[in-house]
Amino acid sequence: MLVAPSILSADFGNLARDVAAICDAGCDFVHVDVMDGHFVPNLTIGPVVVESVAKVATKPLDIHLMVEDNNFFIDLFAPLKPEFISFHIESERHANRVANKIKEFGIRPCVVLNPHTPIESIEYLLEYLDMVLLMSVNPGFGGQKFIPNVVEKAARLKDLVLRKNPECLIEVDGGVSDVNVGELKRVGVDIVVAGSYVFKHKDGVGAAIKSLKV
Ligand code: DX5
Ligand code: ZN
């Protein structure tokens, strides 16, 4: 399992320290949650802060947009050269166009599905994607409870991916911990995002990341 700690649960007063800590501890990606206060009822960080994160990070960035205007935010974040930019299917009328735009920047496109959004909604998009992110909480906040039916959804997505685009990765985000990572692995999930579990682990970020690498 690849692990992408979400810096939403980091100490923003010590962001450089916390980003360095997860990279030194062997995470695979640094997950950055961008919220616009419209698509989700919360606001986070923009390119000025993420540029500082990118300077400290020794692992690639995984930027998760939770915004209404995907084009606007892609133009802001693409110059930081993240590995992935993820956008929500629920906020995009022209998902194929947006995926291709991300690819033209040399960045790997990913589409995100909210917990209630069926995988059939991306059946004809999968072949243009490098990753699909399944939300296992309602987006907007860290520290929420894992919605268990995402496991069945991931298993069904895996079947679809194998038929349509076997190279496409599956990521799960929200409420992930050592309790549910095993079942996610079993159904074919490649990357887990974990915020509060990693940054609030009693034995530190290193122990947390290690426990997710199943
Ligand atoms: C939620 C974010 C997540 C969040 C995960 O909207 O997309 O990345 O930070 O936090 P935990 O792991 O605490 O649920
Ligand atoms: Zn996220």
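Atoms within a ligand are numbered from 1 in the order they appear, just like the ligands themselves.
Close to ligand 1: Phe141, with a non-hydrogen atom less than 4.0 angstrom away.
A donor-acceptor contact shorter than 3.5 Å links the side chain of Asp11 to the backbone of Gly13. Between the Asn100 side chain and the Asn96 main chain, a donor and an acceptor come within less than 3.5 Å of each other. A distance-only check finds a donor-acceptor pair linking the side chain of Asn42 to the backbone of Gly140 [under 3.5 Å]. Checked by atom type and distance alone, the side chain of Asp190 never pairs as donor or acceptor with a backbone atom of Met131 at under 3.5 Å.
Each of Ile7, Asp28, Thr58 was checked for a side-chain contact (heavy atoms from CB on, under 4.5 Å) with Ile22, and the lone residue meeting it is Ile7. A side-chain contact (heavy atoms from CB on, under 4.5 Å) with Val214 holds for exactly one of Met1, Arg186, Glu183; it is Met1. Among Lys101, Arg97, Glu92, His94, the single residue meeting the side-chain hydrogen bond (donor to acceptor under 3.5 Å, both in side chains) criterion with Asn71 is Lys101.
Atom CD of Glu120 is surrounded by more than 12 heavy atoms from other residues, nucleotides or ligands within 6.0 Å. The 12-atom threshold is not exceeded at CD of Glu152, counting heavy atoms of other residues, nucleotides or ligands nearer than 6.0 Å. Annotation for Arg156: atom CZ does not count as buried by contact number, only 12 or fewer foreign heavy atoms lying within 6.0 Å.
The distance criterion of under 3.5 Å between nitrogen or oxygen atoms is not met by Ser9 with respect to ligand 1. Annotation: Asn138 places no N or O atom under 3.5 Å from an N or O atom of ligand 1; distance criterion only. Looking at ligand 1, you won't find any N or O of Val193 less than 3.5 Å from one of its N or O atoms. Below 3.5 Å of separation, one finds an N or O of Gly140 facing an N or O of ligand 1. Considering backbone and side-chain N/O of Met35, none are found under 3.5 Å from N/O of ligand 1. Taking only nitrogen or oxygen atoms, main chain and side chain alike, Tyr197 does not reach within less than 3.5 Å of ligand 1. Not a single N or O atom of Leu8, backbone or side chain, sits closer than 3.5 Å to an N or O atom of ligand 1.
Here the protein heavy atom with the shortest distance to atom 13 (O) of ligand 1 is Ser196 OG, 2.5 Å. Counting only heavy atoms of the protein, atom 2 (C) of ligand 1 lies nearest to Asp33 OD1, 3.4 Å. The single protein non-hydrogen atom nearest to atom 12 (O) of ligand 1 is Gly195 N, 2.7 Å, given as residue, atom name and distance. The nearest heavy-atom contact from the protein to atom 3 (C) of ligand 1 is Asp173 OD1, 3.0 Å. The closest protein non-hydrogen atom to atom 14 (O) of ligand 1 is Gly175 N, 2.8 Å. The nearest heavy-atom contact from the protein to atom 10 (O) of ligand 1 is Gly142 CA, 3.6 Å.
Between His88 and Phe39, the ring planes are tilted. Angles from 30° to 60° get that label. Ring geometry for His201 against Tyr197 counts as perpendicular: the plane angle is over 60°, on a 0 to 90° scale with 30° as the lower cut.
If you chain together hydrophobic residues whose side chains sit under 4.5 Å apart, Val198 and Leu61 fall into the same group. Hydrophobic clustering places Phe105 together with Ile102 (ILVMFWY residues linked when any side-chain heavy atoms are closer than 4.5 Å, directly or through intermediates).
Residue-and-atom listing of protein N/O/S atoms under 2.8 Å from the Zn ion (ligand 2), sorted by chain and number: His31 NE2, Asp33 OD1, His64 ND1, Asp173 OD2.
Only the side chain of Ser6 comes within 4.0 Å of ligand 1, judged by heavy-atom distances.
Using a 4.0 Å cut-off to heavy atoms of Met66, the atoms of ligand 1 that qualify are 6 (O), 7 (O).
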